[in-house]
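Proteins come first, then strands; the chains are lettered A, B, ... in the order of their sequence lines, and each starts at number 1.
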Protein chains: 2
Amino acid sequence: MTTRDRTHDPQAPGLAALAGLIADETRAACLLALLDGRAWTAGELARHAGVAASTLSEHLGKLVAGGLLSEERQGRHRYVRLADARVAQLVEDLAAQVSPRVSRRPRSLRESSAGSAMARGRTCYDHLAGRLGIAVTDALTVRGLLRQDTGFALTEAGLTWFDSAGIGLDRKGRRPLARACLDWTERRPHLAGVAGAALCRHALDTGWCVRIGSERAVKVTPTGERALSDLLGIEASALR
Amino acid sequence: MTTRDRTHDPQAPGLAALAGLIADETRAACLLALLDGRAWTAGELARHAGVAASTLSEHLGKLVAGGLLSEERQGRHRYVRLADARVAQLVEDLAAQVSPRVSRRPRSLRESSAGSAMARGRTCYDHLAGRLGIAVTDALTVRGLLRQDTGFALTEAGLTWFDSAGIGLDRKGRRPLARACLDWTERRPHLAGVAGAALCRHALDTGWCVRIGSERAVKVTPTGERALSDLLGIEASALR
DNA sequence: GTCACAGTTCGGTGACCGCCGAACCGTCCG
DNA sequence: CGGACGGTTCGGCGGTCACCGAACTGTGAC
């Protein structure tokens, strides 16, 4: 037995080990990048994090072994993605907990514009976040499709709305239909869970919004502005 | 500037730093112990974790500086507790994420009975968890007081029930009235949030259950069995 | 076959950090 | 006042770990 055995709480080693996986700046940067829900290659992540390929390879090994990432080998590429929605939620929760960095001034114009694009609209693994996510969530709430006053759940009218909008909801799995996800830019809850994922997928599939850049940021298209206005009464000004 | 500056994600350092606070076995043991919602002295925690007082003092300094703990000095004592419900939720979420340790055999009879007592009923910061928490949540759901099929929220009938049971709900703050907390023993959601906290407080105040041992575990009293049966139709057998 | 390229393995290095005991500072009590 | 006790500070030690470059494996392209 190499580890010491002092504390009597059987959960402590596991908890520390899990946190330890996230407690490295390079690995944290990878997890945040992977929050876009897509699969990245090891090389892309290495360049993104600014470390040698060999270094990143070791990091990926740990993250996969720890169950945070799933991998898929294709030819000479190693694709990794977040293991599941629960991992994504965990990372997002941790990121939201980070002390609100007030008035941090961006170091460059590029970073500044990228930051504000992220604040306007982005995906959070599989659902919409940023001001866009907030606007949609608020609109659903105001129209009585979503209840936030007694918890966080769709109403009967909400179920009907999703159905008539042609957005199918898979109610089979164990994943909650609606769940609140705390936004780290707006610090307000927005719609996640099965409904949030379906809505985001629909928005990307039908061209309501498109991904910009190589990361999480998304932009609402003119088509999307019209659809959001028609279906939910969202003013275009609320998205800027 | 001493830290390196490679990744372009401004969140990565903060995320890694936060996870780093939890990524130590001793600090993890402290956080888990503090999940009972009470204030512990530094000495108690040092004995609990099995390290020297000087070591633990440094750990507490980091946890307080990182905003995970709040402290209160009284005479020669230093009391610490979890900073707020959000920190508690974070720790519980992380603990629940830890790979389900199947068939881990307890090392001693004491640990074994302590474990099963925790599985029967315990508090999770400020609300009920374990089989007790699950039983209450299920009963609320079956009786139409709580909806879990479209999210997680109290119903109108649920609000009335809390009112008629004499359990006041503070709907002022920003904290959600009802929220799902995933149980690490049962791996099922149970009631947290304002309603969960109020119910737990009421249960302890009126003697429905009492704390056993020095930690999170609670036991249902005969009075409590009657109350739970009368108010929610919970069979005593569901609590064993 | 040959070259380019993605990824991995490995040895070595340096920094970080958790740990302890010893000395020290306050508080409480007799 | 003096002694017990809770907590903190400090120096030093040892282990862990992220990092890199170099050598290597395997895939894909020409």
Roughly how many Å is it from [atom1] in [X] to [atom2] in [N], rounded to a whole number?
| X | N | atom1 | atom2 | value |
| --- | --- | --- | --- | --- |
| A:W40 | C:dA6 | CH2 | C1' | 17 Å |
| B:E72 | D:dG6 | CD | P | 19 Å |
| A:Y79 | D:dT27 | OH | P | 16 Å |
| A:E44 | C:dC5 | CD | P | 16 Å |
| A:D24 | C:dA15 | CG | P | 17 Å |

- Query: B:D126 and salt bridge (charged side-chain N to carboxylate O under 4.0 Å, His left out): which partner among B:R175, B:R216, B:R201, B:R38?
  - Reply: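 Answer after filtering B:R175, B:R216, B:R201, B:R38: B:R175.
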
- Could you please spell out the steps behind the side chain to side chain contact (heavy atoms under 4.5 Å, CB included) verdict for A:E92 and A:L35? CA-CA 8 Å; A:E92 187 78 8; A:L35 264 190; 3.0 Å; yes

Interatomic distance, [X] atom [atom1] to [Y] atom [atom2] [nearest 0.5 angstrom]:
| X | Y | atom1 | atom2 | answer |
| --- | --- | --- | --- | --- |
| A:T26 | A:E58 | OG1 | CD | 11.5 Å |
| B:L182 | B:C124 | CG | SG | 10.0 Å |
| A:Q11 | A:L15 | CD | CG | 7.5 Å |
| A:L60 | A:Y79 | CG | OH | 13.5 Å |
| A:D84 | A:Q89 | CG | CD | 10.0 Å |

- Item | Any B:K62 side-chain N or O less than 4.0 Å from OP1/OP2 of C:dG18 | yes

- Message: Just N and O in the side chain of A:H77: are any of them under 4.0 Å from OP1 or OP2 of D:dG26?
- Response: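 Checking D:dG26 against A:H77, no side-chain N or O comes under 4.0 Å of OP1 or OP2.
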
- Can you name the residues that form a side chain to side chain contact (heavy atoms under 4.5 Å, CB included) with B:A192, not counting sequence neighbours?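 B:A192: side chain to side chain contact (heavy atoms under 4.5 Å, CB included) contacts with B:H127, B:R179, B:C181.
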
- Message: Protein within reach of the bases, or only the backbone? For nucleotides 23-30 of chain C, mark each nucleotide 5' to 3' as B, S or -, using heavy atoms under 4.0 Å.
- Response: ----BS--

Tabulate atom names and distances for all N/O pairs under 3.5 angstrom spanning the protein and nucleotides 8-15 of chain D.
{"from": "D:dT8", "atom 1": "OP1", "to": "B:R73", "atom 2": "NH1", "distance (Å)": "3.3"}
{"from": "D:dT8", "atom 1": "OP1", "to": "B:R78", "atom 2": "NE", "distance (Å)": "3.3"}
{"from": "D:dT8", "atom 1": "OP1", "to": "B:R78", "atom 2": "NH1", "distance (Å)": "2.7"}
{"from": "D:dT8", "atom 1": "OP2", "to": "B:S57", "atom 2": "OG", "distance (Å)": "2.6"}
{"from": "D:dT8", "atom 1": "OP2", "to": "B:R78", "atom 2": "NH1", "distance (Å)": "3.3"}
{"from": "D:dT8", "atom 1": "O5'", "to": "B:S57", "atom 2": "OG", "distance (Å)": "3.2"}
{"from": "D:dC10", "atom 1": "N4", "to": "B:E58", "atom 2": "OE2", "distance (Å)": "3.3"}

